[in-house]
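Shown next, in structure tokens, is the structure this report addresses.
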There are 2 protein chains.
Amino acid sequence: MSVESRKSGSVTSFDVAHKAGVSRSAVSRAFTPGSSISEKTRSKIQKAAAELGYRVNLVARGLNKQRTDIVGVIVSALNTPYRAGQIDALTKQLVREGFRPMLLCVDEDKDVEQLLSILLNYQVSGVIITSDAPPNAICEECARMQVPLVLVHRTDQLPFVDRINGDDIKGGRMAAEALVKAGRQHLIAVRQEAPGFTGVVRIDAFLKRADELGVTSNTITISAVEYDGGVAAAPEVLNQLDVSPGVFCHSDLFALGLLDTLRNKHSIRIPEQMSVIGYDDIPQASWAFADLTTIRQSPNRFAQVTVDLLKHRIKYPESEPKNEIVDVTLVMRGSV
Amino acid sequence: MSVESRKSGSVTSFDVAHKAGVSRSAVSRAFTPGSSISEKTRSKIQKAAAELGYRVNLVARGLNKQRTDIVGVIVSALNTPYRAGQIDALTKQLVREGFRPMLLCVDEDKDVEQLLSILLNYQVSGVIITSDAPPNAICEECARMQVPLVLVHRTDQLPFVDRINGDDIKGGRMAAEALVKAGRQHLIAVRQEAPGFTGVVRIDAFLKRADELGVTSNTITISAVEYDGGVAAAPEVLNQLDVSPGVFCHSDLFALGLLDTLRNKHSIRIPEQMSVIGYDDIPQASWAFADLTTIRQSPNRFAQVTVDLLKHRIKYPESEPKNEIVDVTLVMRGSV
DNA sequence: GTGAAAGCGCTAACAC
DNA sequence: GTGTTAGCGCTTTCAC
């Protein structure tokens with residue numbers, strides 16, 4: 001006990017070493033998996049540590065190792081069901097793999113750089129970006145700092161950056177096929193205006209497949225986003241009601257806004273008068289009012305692959321940038 | 001330039017000091033707001049720093065200061081609309097105030113302690129818990145480590161822990177009043193079984209107010225959660241359809257599950273045959289299919305107060321634990 | 001397998 | 001207002 005009245009709860013490896021009658025290096029080894037130390041001393045140290053309430057100071061370790069296990073996660077629209085599920089899965093997976101997620105939510109493109117700066121200052125092990133903001137400047141900075149960067153749902157083609165996307169081409173094609181199989185002779189694609197987001201890949205694949213299948217199609221482009229985007233698309237869709245179209249939205253939120261408006265504001269019967277299909281399979285898609293057919297992307301699978309990508313690059317910093325594609329599946333419900 | 005081929009992007013304050021012809025302390029001061037340094041040297045240093053691509057190493061600073069600006073955020077059910085919005089607002093507010101949120105998502109009570117341990121090891125400035133898990137053990141640990149702890153939406157009464165809640169009593173009362181005002185003579189409260197969550201306060205206030213207003217009431221308790229909980233409550237509510245009840249659910253997700261099932265599976269007309277009112281005002285509550293009257297809790301306001309609480313405790317560690325109550329408002333829509 | 005010594009990059013007294 | 005000196009708590013060669 002002696003002069004143990006150090007400031008607050010700061011029990012250091014020194015204290016443990018003293019109590020266990022060993023050196024500080026020994027204590028360090030005892031808490032470093034895989035280092036050469038005899039089982040006997042290890043348990044002796046662990047016992048002393050437990051009694052003292054010792055916990056290794058990860059900040060000190062980080063300073064020494066030149067790297068913390070913190071992984072920066074930059075996300076936009078966390079407020080949105082798909083993103084929320086994605087971040088939920090991703091952060092859990094990160095923790096499971098020994099990383100600590102530092103979460104930075106962005107509103108606009110503008111803060112992104114500044115936020116990245118914060119992360120870089122923390123000597124993060126890596127950065128994962130799941131946002132709509134074009135992260136070009138960021139990528140360069142990460143590259144310069146040798147910090148691994150993984151882009152989720154981005155189409156940007158950049159050197160030394162790993163990317164992960166759903167199989168948007170397959171998804172778009174499946175959507176067209178499902179609609180045609182349901183008897184629709186004219187297809188409509190509803191998309192949002194924003195540039196550089198993966199939705200356009202889906203839309204393009206959808207339109208191309210429609211063509212292949214010999215049905216006509218047209219596109220509606222909306223500047224509003226999320227549920228409101230679907231609401232905004234309703235008038236134009238109503239104008240084409242005479243052809244009982246099959247409508248594909250680039251996201252469930254869009255589809256839900258559209259479907260909800262058509263059914264509950266305009267008493268359109270779906271799928272009798274037309275079909276609607278979405279993308280993502282968010283929880284709300286299965287709610288009774290919606291019963292939305294959609295293309296499912298598994299957040300858990302995404303999380304797993306994303307973290308694997310990160311681990312791989314940490315281990316092999318110079319390896320070729322990868323571009324992972326995660327499979328998608330059709331979830332048939334009543335709206336088609 | 002000389003022997004600047006140090007490992008990777010590790011430009012240190014030493015390098016900057018060298019280049020600017022000053023001492024390392026000067027560099028430190030240049031990057032510490034409010035420290036005494038002349039504008040001239042500051043700008044000189046900043047210029048050199050910019051040219052070198054220097055960024056202060058927050059890990060080293062953290063080690064020295066014995067405290068990082070990291071704030072641990074423990075959350076359950078991030079997947080849920082209300083929580084997602086809350087975390088979105090909270091993390092943004094934290095960043096705005098100079099903190100860095102480390103996000104830990106929990107599934108069950110079990111991991112909570114282990115996760116907290118991680119945070120403590122990172123010398124966090126504080127911990128914010130927004131989860132259903134009873135954090136008693138955690139609180140003690142935080143207290144022992146002198147780490148400020150803020151509990152959001154928890155009723156636990158613990159020493160040296162700050163709490164923040166919505167005005168559940170007012171909310172519950174408002175719900176009863178709105179229903180009675182709409183002409184309902186019998187009220188039903190739908191609640192979830194889980195213990196220690198703030199929903200019971202709302203429910204109790206609701207029932208008490210119903211009593212005061214001279215209307216009868218009964219409670220339905222459900223073991224399922226979220227949307228499914230509302231679905232599960234439907235049969236019992238249907239049994240009481242003859243009294244055209246006013247139904248209050250402790251959360252919007254519950255209310256939405258119930259309302260959606262009643263309207264779309266049983267063709268019940270709401271509000272003609274009965275009223276439904278929820279709690280939280282999640283985005284989905286305003287969707288056309290729902291048009292749900294509800295009690296609104298502002299995530300932004302919550303975030304603001306939560307961070308203020310944290311800042312206050314960091315500044316005055318020994319001050320009396322506070323118990324903040326955030327106002328709620330009635331949002332009238334078509335379901336009542 | 002274990003201990004001694006030397007830092008990781010920064011800030012905080014303390015002199016000047 | 002600025003430089004000097006000591007650490008913050010840990011890991012890590014390097015001897016032994």
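Proteins get letters first, then strands, A, B, ... in listed order; numbering begins at 1 in each.
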Which residue lies more 5' along DNA chain C, comparing A:Leu63 with A:Thr41 via nearest heavy atoms
A:Thr41
Any donor-acceptor pair under 3.5 Å from B:Arg100 side chain to A:Met102 backbone:
no
Compute the angle between the rotation axes at the two ends of the helix from C:dG1-D:dC16 to C:dC16-D:dG1, each taken over five pairs, rounded to 10 degrees.
30°
Which part of the nucleic acid, if any, lies within contact of A:Ser36, taking any heavy atom under 4.0 Å across all strands shown: a base, the sugar-phosphate backbone alone, or nothing?
base
Using a 4.0 Å heavy-atom cut-off, does B:Val22 contact any base of the nucleic acid, only the sugar-phosphate backbone, or nothing at all?
sugar-phosphate
What's the CD1-C1' distance between A:Ile45 and C:dG3, to the nearest Å?
12 Å
Integer-rounded Å distance: C:dC10 C1' and A:Gln66 CD:
13 Å
State whether the side chain of A:Asn165 and the backbone N or O of A:Arg154 hold a donor-acceptor pair below 3.5 Å, judged by distance alone.
yes
Classify the nucleic acid contact of A:Phe31 as base, sugar-phosphate or nothing, counting any heavy atom under 4.0 Å across all strands shown.
nothing
Run the numbers on B:Arg55 and A:Glu141 for side-chain contact (heavy atoms from CB on, under 4.5 Å), then give the verdict.
CA-CA 12 Å; B:Arg55 37 180 77 247; A:Glu141 190 73 1; 2.4 Å; yes
Show me the protein contacts with nucleotides 12-16 of chain D, counting only N or O atoms at under 3.5 Å.
from, atom 1, to, atom 2, distance (Å)
D:dT12, O4, A:Ser25, OG, 3.3

Distance-only criterion, 3.5 Å: show the donor-acceptor pairs between side-chain atoms of residues 305-314 of chain A and protein atoms not counting sequence neighbours.
from, atom 1, to, atom 2, distance (Å)
A:Thr306, OG1, A:Phe302, O, 2.6
A:Lys311, NZ, A:Glu97, OE1, 2.8
A:Arg313, NE, A:Asp162, OD2, 2.5
A:Arg313, NH1, A:Pro317, O, 2.9
A:Arg313, NH1, A:Ser319, O, 3.2
A:Arg313, NH2, A:Asp162, OD1, 3.3
A:Arg313, NH2, A:Ser319, O, 3.0
A:Arg313, NH2, A:Glu320, O, 3.2

Does A:Arg163 use its side chain to pair, donor to acceptor, with the backbone of A:Glu324 at less than 3.5 Å?
no
Check this one for me: any side-chain N or O of A:Ser13 less than 4.0 Å away from OP1 or OP2 of D:dC10?
yes
Any side-chain N or O of B:Ser23 under 4.0 Å from OP1/OP2 of D:dG3?
yes
Quick one: does any side-chain atom of A:Thr32 pair with a main-chain N or O of A:Ser35 as donor and acceptor, under 3.5 Å?
no
